[in-house]
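Sequence lines set the chain letters: A, B, ... in the order given, protein chains first and strands last, and positions in each chain run from 1. Hydrogens, waters and symmetry mates are skipped; everything else that's a heavy atom, side chains included, is used.
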Amino acid sequence: MREVYNFKAIEKKWQKAWEESNIYIVEEDESKEKYYVLEMFPYPSGKLHMGHVRNYSIGDVISRYKKMKGFNVLHPMGYDAFGLPAENAAIKHGYLPDKWTYENMGEMTEQLKELGLSYDWDRQVATCNEDYYKWMQWIFIQFFNNGLAYKKESPVNWCPSCLTVLANEQIVDGGCERCGTEVTKKNLYQWYLKITDYADRLVDGLDDLDGWPSKVKIMQKNWIGRSYGAEVLFKIENTDLNIKVFTTRADTLFGTTYVVLAPEHSLLKELNLSDEVREKLNNYVEETNKKSEIDRSSTNLEKTGVFLGIYAENPVNGKKIPIYVSDYVLMGYGTGAVMAVPAHDERDFEFAKKFGLDILPVIKPEDDSVDVNNLTEAYVGDGVMINSGEFNGKHNRTVIKEVVETFSKEGIIQSKVNYRLRDWLISRQRYWGTPIPMIYCEDCGWMAEKEENLPVLLPKDVEFTGKGESPIATSKSFQNAVCHKCGKPATREIDTMDTFLDSSWYYLRYCDARNSEKIFDKKKVDYWMNVDQYIGGVEHAILHLMYARFFQMALSDLGFTSGNEPFKNLLTQGMVIKDGRKMSKSIGNVVTPAEIIEKYGADTARLFILFAAPPEKELDWSDDGVEGAYRFLNRVYKLAFVAQEKCHNNDCSYTLSSKDDKELAFVLNKTIQKVAQDVGERFNFNTAISSIMELVNAMYKYKELPNFNEGLFRDAVNKLVLMLAPFTPHICEEMWESLGYEESVCLQSWPEIDEEALVRDTVEIVVQLNGKVKLKMDIQSDMTREDMQSMLLEDEKVKQLVDGKNIVKVIAVPNKLLNIVLK
RNA sequence: GCCGGAGUGGCGGAAUUGGCAGACGCCCAGGACUUAAAAUCCUGUGCUCUUAAUUGGGCGUACCGGUUCGACCCCGGUCUCCGGCACCA
C-alpha cells in the first residue's frame with residue numbers, strides 16, 4: 001500500500017477487476033431473499049450531469065448495502081432511447097437518429113462505469129433496440145385485442161409553416177419553437193389507451209403505497225381527479241332533446257338559472273337555431289378555436305358566450321331557463337355541459353353578471369353573515385337551504401344526497417363519478433419511436449400485425465426534413481402491407497408510440513432481459529418483482545409513475561405478471577443546484593461529473609453528493625464541500641496505512657482493557673448501528689456519513705494514545721472500510737486488499753454489532769431547573785426513575801443548585817435528565 | 001384561486017418517540033511542522049452582556065399566541081419562499 005491516495009490508479013484498477021470478475025452479475029436464487037433496486041433509466045443525451053450522479057449514487061449505496069446484508073440484489077441499468085432530441089439531431093446532421101443515439105449510449109455507459117456503479121450490465125436494455133420494441137409492439141397488440149387500445153379523431157398541435165405536428169413542449173408562447181408561427185389545431189385519427197378504465201384502481205391503489213412520498217400520491221390523486229356527483233337531464237323546450245349535465249352540487253339544483261354548453265358540444269348541430277344565432281355561434285366557435293392555444297395560460301379570462309335563443313326546463317321546479325354556449329365549459333370533462341348556479345359558483349356568477357342573468361340563492365349561511373339576496377360575489381360556503389321546496393331548512397351537505405335519491409326515482413338524475421383523467425393519446429407523428437404495429441384494410445378495418453411478423457421495423461429509407469407529417473411517410477417500402485383477413489393490399493400505421501409506453505414496463509424486462517422467445521419468463525418476473533426501491537426525479541411523479549402502474553395492472557389482468565403495483569418504495573431525489581440556481585449553460589454555473597472525477601475521483605464525487613444534503617432535498621453544489629469530502633477520504637486512507645504500520649498481524653482479537661478502549665469500541669459499534677439504520681431504513685446518507693466521520697475523528701485521537709490496542713484498532717479499521725464500501729467502493733477495495741484480504745470488499749458481509757460494547761457503565765445526564773439546563777453529570781447507567789431521583793437530590797451540586805428553595809415537582813427520565821421545578 | 005411542502009449560526013445541514021438546539025462538513029481565526037509556502041495535524045468558532053478567567057448571566061429554531069415540568073417538534077393564527085394543478089362544474 002502506498003502512502004499517498006492515488007485515486008486515478010485505484011479507480012481504474014478496480015473498475016477493470018470488477019468487470020473482469022463479473023462481480024455484479026446476478027441470477028435468480030431461491031435460497032436468498034431478493035432485493036430489486038432500480039434507478040430511473042436515463043435518456044441518452046450523451047453527457048452525464050450531476051443529477052444522474054446523485055440518482056445513481058443513491059441507488060448504488062442501497063444496492064451495495066443490501067448485498068452486504070445478504071440479499072440477492074438486482075440492480076440493472078439501461079436507456080430510454082427513443083425520443084425527439086435524436087430526431088432533431090437527425091434533421092440537423094442528416095443521418096438517422098440511431099447513429100446519434102447509439103454513440104451517446106456508448107459514451108454514457110463509459111461514464112457510468114467510471115463512477116463505479118454496481119450494475120449488472122448483462123441485463124441492459126435500450127428501448128430503441130429491436131429486441132425491446134418488438135415486445136413493446138407485442139404488448140400493444142395484447143392491449144388492442146383486449147379492448148384497451150382504440151382509435152379516434154382528435155386534435156393535434158400543428159405548425160402551418162413547418163407543416164408538422166408539434167408536441168406540447170415544442171410550443172413556446174403559443175408559437176412553433178422553430179419558426180414562431182402561431183400554432184393551430186388539426187384533427188387526426190389517433191390511437192388511445194383506455195387508462196380511464198383503471199382510474200379507480202389507480203386512485204385507490206395509492207392508499208396502500210406506504211413506501212411512497214405522500215406528495216407524489218397527492219399529485220397523482222389530483223391528476224386523476226375523481227369527483228363524486230350526479231348527472232341531471234334538462235329537457236330542451238319544444239324538442240325531444242335533453243341536455244345532460246354533470247354536477248357535484250345537486251343541492252344547488254333549485255338555484256340553476258341557465259344552462260351552458262361547450263362550443264364543441266355535439267348537440268349544437270342538432271339544434272334548431274335562427275340564422276342569426278347560428279351565424280353568431282359559428283363565429284364564436286371559430287374564435288374559440290383560435291384563441292385556445294395562445295390564451296390558455298392567461299388567467300382570469302373574461303367570460304364570453306352566445307345565447308342560443310332557446311330554453312330548457314329545470315327538472316326540479318319546471319322553471320324556464322336560457323341555454324348558452326361558452327368556452328368556460330370544457331368539452332373534455334363531464335358531459336361538456338353545465339347547469340349554472342350563479343349564486344353559489346364564482347364562474348357562473350361572473351357570467352351571469354356579464355349577461356344580466358338571474359341569480360337565485362338557495363343556500364344561506366347559518367349565522368346570516370352574508371346577505372344572499374344581495375350578493376356581490378358567489379356564496380360558495382355551506383349553510384341552510386332556501387328557495388328549494390321540500391328541502392328548505394335542511395343543511396345543504398345532507399341535501400346533496402337527498403336530492404339525488406328523490407329525483408332519481410323520476411329518472412332525471414343519477415349518481416355519477418367523474419374523472420379529470422382522460423384516455424392516453426399515444427400516437428406520435430414521429431420517426432424515432434416504436435412503430436404502432438397496426439394495419440388498415442379498407443374492407444376489414446384495423447387489425448394487429450401477426451405476432452410472428454414482429455417486430456415491425458423502423459424503415460431506413462426515410463428523409464428528415466423537419467416538415468410534413470412524419471418522416472416515416474417518406475418511406476416507400478414501409479406503408480405497403482397485406483390484409484391478414486382478405487389478402488388485399490392494405491396500409492400500415494405510420495405513427496409511432498409515445499415514449500412513455502417504452503418506459504412503462506422496462507423494469508419487467510430487466511428481470512429477463514435477454515429472452516428472445518417471450519417478453520419475459522413469468523417465473524423470473526415473479527421472483528424479482530416488485531421493485532423494492534425505485535429512485536428518480538420528482539418530475540416523473542405523475543405521468544411516468546402513473547403509466548407504469550397502469551401497465552402493471554393491465555399486464556397483470558392479462559395474466560402476464562402478478563400484482564398491481566410495480567414500485568413498492570419510491571424515493572424522489574431533489575435537484576442539484578449551484579449558488580441557489582439550477583445548473584445551466586446559460587447561467588454558466590454547470591459543474592460536470594467528468595471534471596470532478598478528473599480532479600478528485602469518483603469516490604469523492606459520490607461521497608460529497610451523498611453527504612451534502614438528504615436525498616429528497618435540493619442539493620447545493622459546493623466546490624469547497626467537495627474538497628472536504630476528498631480530505632476525509634485521505635484521512636481514512638491514512639488510517640488504513642497506519643493500521644498496516646502499527647498492527648503487526650491480521651489478528652483482530654482483543655480485550656477492552658482501558659477506558660479509551662471501551663470508548664472506541666463503543667463509538668465503533670454505535671456507528672455500525674447508526675449507519676445501518678440511516679442507510680437501510682431512513683435513506684439519510686448524509687447523517688450516515690457524518691457518523692462515520694465522527695468515528696474517524698475518534699480513531700485519529702485513539703491512534704496517538706500510549707496504550708494503543710493493536711487488535712482493537714485493526715478491527716476498527718476493518719469495519720470502517722466495510723461501512724464505507726457502499727459509498728466509496730474503489731478506495732475501500734484498495735484498502736481492503738492492503739489489509740490482507742483476497743476476496744473483494746463487495747462480497748463481504750455488513751459488520752456485526754458487539755452488543756456488549758454498546759453497554760456503558762455510566763451515562764451523561766442533564767439536570768434542569770425549571771426546564772433550563774444547569775448541570776451535566778455522569779451517573780451509573782440504567783438506574784430506575786426512583787433511584788436516579790433520590791440519588792440526585794442528595795447530590796451536593798444539585799443541593800447547591802436548589803439552594804433551599806421550595807421544590808414543587810421533580811421529573812426524572814432515566815438515562816436522560818432530571819428536571820426540578822422550583823417555586 | 002385550490003392542493004402540498006418548507007423556514008434552524010456566515011454557509012450546507014443535524015437533533016429518529018415532546019427531553020442537552022447547532023452533530024458532521026464548509027468558511028474563518030489561532031497554533032504546531034516548514035527557510036518559506038502549500039499540504040497535514042491540533043485548537044477555537046450561534047448572538048450578546050459580564051469577568052482577571054475557559055467567570056457568571058441573558059437571548060436564540062420565520063412571526064404572534066397557546067398546551068406542557070419541558071416545544072425546532074404538538075395546537076391556533078400570521079408572514080415569506082418553493083413545488084404541483086389551474087374555468088374540472
Side-chain angles (χ1 to χ4, degrees), chain A residues 4 213-223 225-227 229 232 245-249 252 260 262 296-297 299-303 326-330 332-341 344-348 350-351 380 418-422 538-539 541-542 574-575 580 607-608 611-614 616-629 631-632 634-635 638 674 677-678 681-682 684 686-697 700-701 704 764-776 808-813 815-822:
Chain A
V4 180
S214 55
K215 178 188 174 169
V216 173
K217 291 195 278 188
I218 289 165
M219 279 164 77
Q220 289 209 4
K221 238 177 212 172
N222 292 343
W223 187 264
R226 178 165 65 188
S227 57
V232 189
V245 306
F246 174 74
T247 182
T248 54
R249 294 294 304 275
T252 63
V260 193
R296 181 153 299 168
S297 54
T299 49
N300 273 335
L301 283 181
E302 203 185 322
K303 295 279 178 290
S326 174
D327 63 0
Y328 85 89
V329 176
L330 308 171
Y333 184 75
T335 60
V338 302
M339 53 177 241
V341 187
H344 305 294
D345 181 283
E346 285 166 34
R347 296 150 302 177
D348 297 343
E350 201 191 319
F351 191 87
V380 294
N418 246 314
Y419 306 89
R420 218 187 66 108
L421 182 72
R422 321 280 163 84
V538 73
E539 66 273 18
I542 300 174
M575 269 202 309
L607 187 72
F608 168 71
F611 176 61
E616 66 281 359
K617 269 195 150 177
E618 257 184 6
L619 187 154
D620 203 351
W621 185 267
S622 144
D623 292 330
D624 287 331
V626 180
E627 201 66 65
R631 240 189 321 254
F632 170 71
N634 273 289
R635 276 165 74 78
K638 197 167 162 194
K674 164 110 175 120
Q677 229 172 58
D678 282 353
E681 293 158 35
R682 302 204 310 153
N684 279 14
N686 54 333
T687 51
I689 293 167
S690 78
S691 64
I692 296 175
M693 285 173 168
E694 285 177 84
L695 171 64
V696 167
N697 290 344
Y700 260 71
K701 288 209 177 82
E704 301 304 328
E764 193 190 56
I765 61 117
V766 172
V767 179
Q768 298 179 329
L769 280 190
N770 295 331
K772 289 197 175 171
V773 180
K774 293 290 169 183
L775 267 184
K776 291 180 185 182
V808 180
K809 197 173 179 183
V810 178
I811 289 105
V813 182
N815 291 335
K816 274 205 177 124
L817 64 76
L818 183 82
N819 187 14
I820 304 168
V821 185
L822 296 177

Suppose you measure atom [atom1] in [N] against the same atom in [M]; what distance do you get, rounded to whole Å?
{"N": "G31(B)", "M": "U17(B)", "atom1": "P", "value": "45 Å"}
{"N": "G12(B)", "M": "C27(B)", "atom1": "C1'", "value": "11 Å"}
{"N": "C72(B)", "M": "G46(B)", "atom1": "C1'", "value": "15 Å"}
{"N": "G18(B)", "M": "G66(B)", "atom1": "C1'", "value": "15 Å"}
{"N": "C81(B)", "M": "A37(B)", "atom1": "P", "value": "49 Å"}
{"N": "U51(B)", "M": "G57(B)", "atom1": "C1'", "value": "11 Å"}
{"N": "C73(B)", "M": "U68(B)", "atom1": "P", "value": "16 Å"}
{"N": "C59(B)", "M": "C11(B)", "atom1": "P", "value": "23 Å"}

Name the pairing partner of [N], where a pair is Watson-Crick or G-U wobble with both distances under 3.5 Å, or state none.
{"N": "A6(B)", "answer": "U80(B)"}
{"N": "U68(B)", "answer": "none"}
{"N": "G1(B)", "answer": "C85(B)"}
{"N": "A15(B)", "answer": "none"}
{"N": "U54(B)", "answer": "none"}

Please tell me which of the listed nucleotides, [options], lies nearest to the side chain of [X]?
{"X": "Phe246(A)", "options": "G25(B), U16(B), A89(B)", "value": "A89(B)"}
{"X": "Lys303(A)", "options": "U16(B), C87(B), C85(B)", "value": "C87(B)"}
{"X": "Pro614(A)", "options": "A23(B), G13(B), C85(B)", "value": "G13(B)"}
{"X": "Val338(A)", "options": "U16(B), A89(B), G12(B)", "value": "A89(B)"}
{"X": "Asp624(A)", "options": "U16(B), C24(B), C26(B)", "value": "C26(B)"}

Taking only side-chain nitrogens and oxygens of [X], does any of them come within less than 4.0 Å of OP1 or OP2 of [N]?
{"X": "Arg420(A)", "N": "A89(B)", "value": "no"}
{"X": "Asn686(A)", "N": "A14(B)", "value": "yes"}
{"X": "Tyr328(A)", "N": "A89(B)", "value": "no"}

What is the distance from CD of Glu346(A) to C1' of C2(B), rounded to the nearest Å?
->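 One finds 10 Å between C1' of C2(B) and CD of Glu346(A), rounded.
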Separation of G12(B) P from Met575(A) CE (nearest whole Å) =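 Nearest whole value for this atom pair: 16 Å.
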Quick check: are there more than 12 heavy atoms from other residues, nucleotides or ligands sitting under 6.0 Å from CD of Glu346(A)?
->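 It does not: Glu346(A) CD has 12 such atoms or fewer within range.
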Syn or anti: how is G9(B) classified when any glycosidic angle within 90° of 0 counts as syn?
->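 This nucleotide is in syn.
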Could you give the distance from [atom1] ([X]) to [atom2] ([Y]), rounded to the nearest 0.5 Å?
{"X": "Arg420(A)", "Y": "Tyr333(A)", "atom1": "CZ", "atom2": "OH", "value": "9.5 Å"}
{"X": "Asn770(A)", "Y": "Asn819(A)", "atom1": "CG", "atom2": "CG", "value": "7.0 Å"}
{"X": "Thr247(A)", "Y": "Met339(A)", "atom1": "OG1", "atom2": "CE", "value": "4.0 Å"}

Lys/Arg cation over aromatic Phe351(A): Lys303(A), 6.0 Å, 45° cone |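 That pair does not qualify as a cation-pi contact.
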Are a donor atom and an acceptor atom from the side chains of Asn697(A) and Arg635(A) found within less than 3.5 Å of each other?
->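 Yes, Arg635(A) and Asn697(A) have a side-chain donor paired with an acceptor closer than 3.5 Å.
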Can you name the atoms? Protein N/O to nucleotides 3-8 of chain B N/O, anything below 3.5 Å, with the distance.
none

What's touching nucleotides 39-50 of chain B from the protein side, N or O pairs under 3.5 Å?
unit_1, atom_1, unit_2, atom_2, d
C41(B), OP1, Arg635(A), NH1, 2.8

Got a list of protein N/O to nucleotides 18-22 of chain B N/O distances below 3.5 Å?
unit_1, atom_1, unit_2, atom_2, d
C20(B), O2, Lys776(A), NZ, 2.5

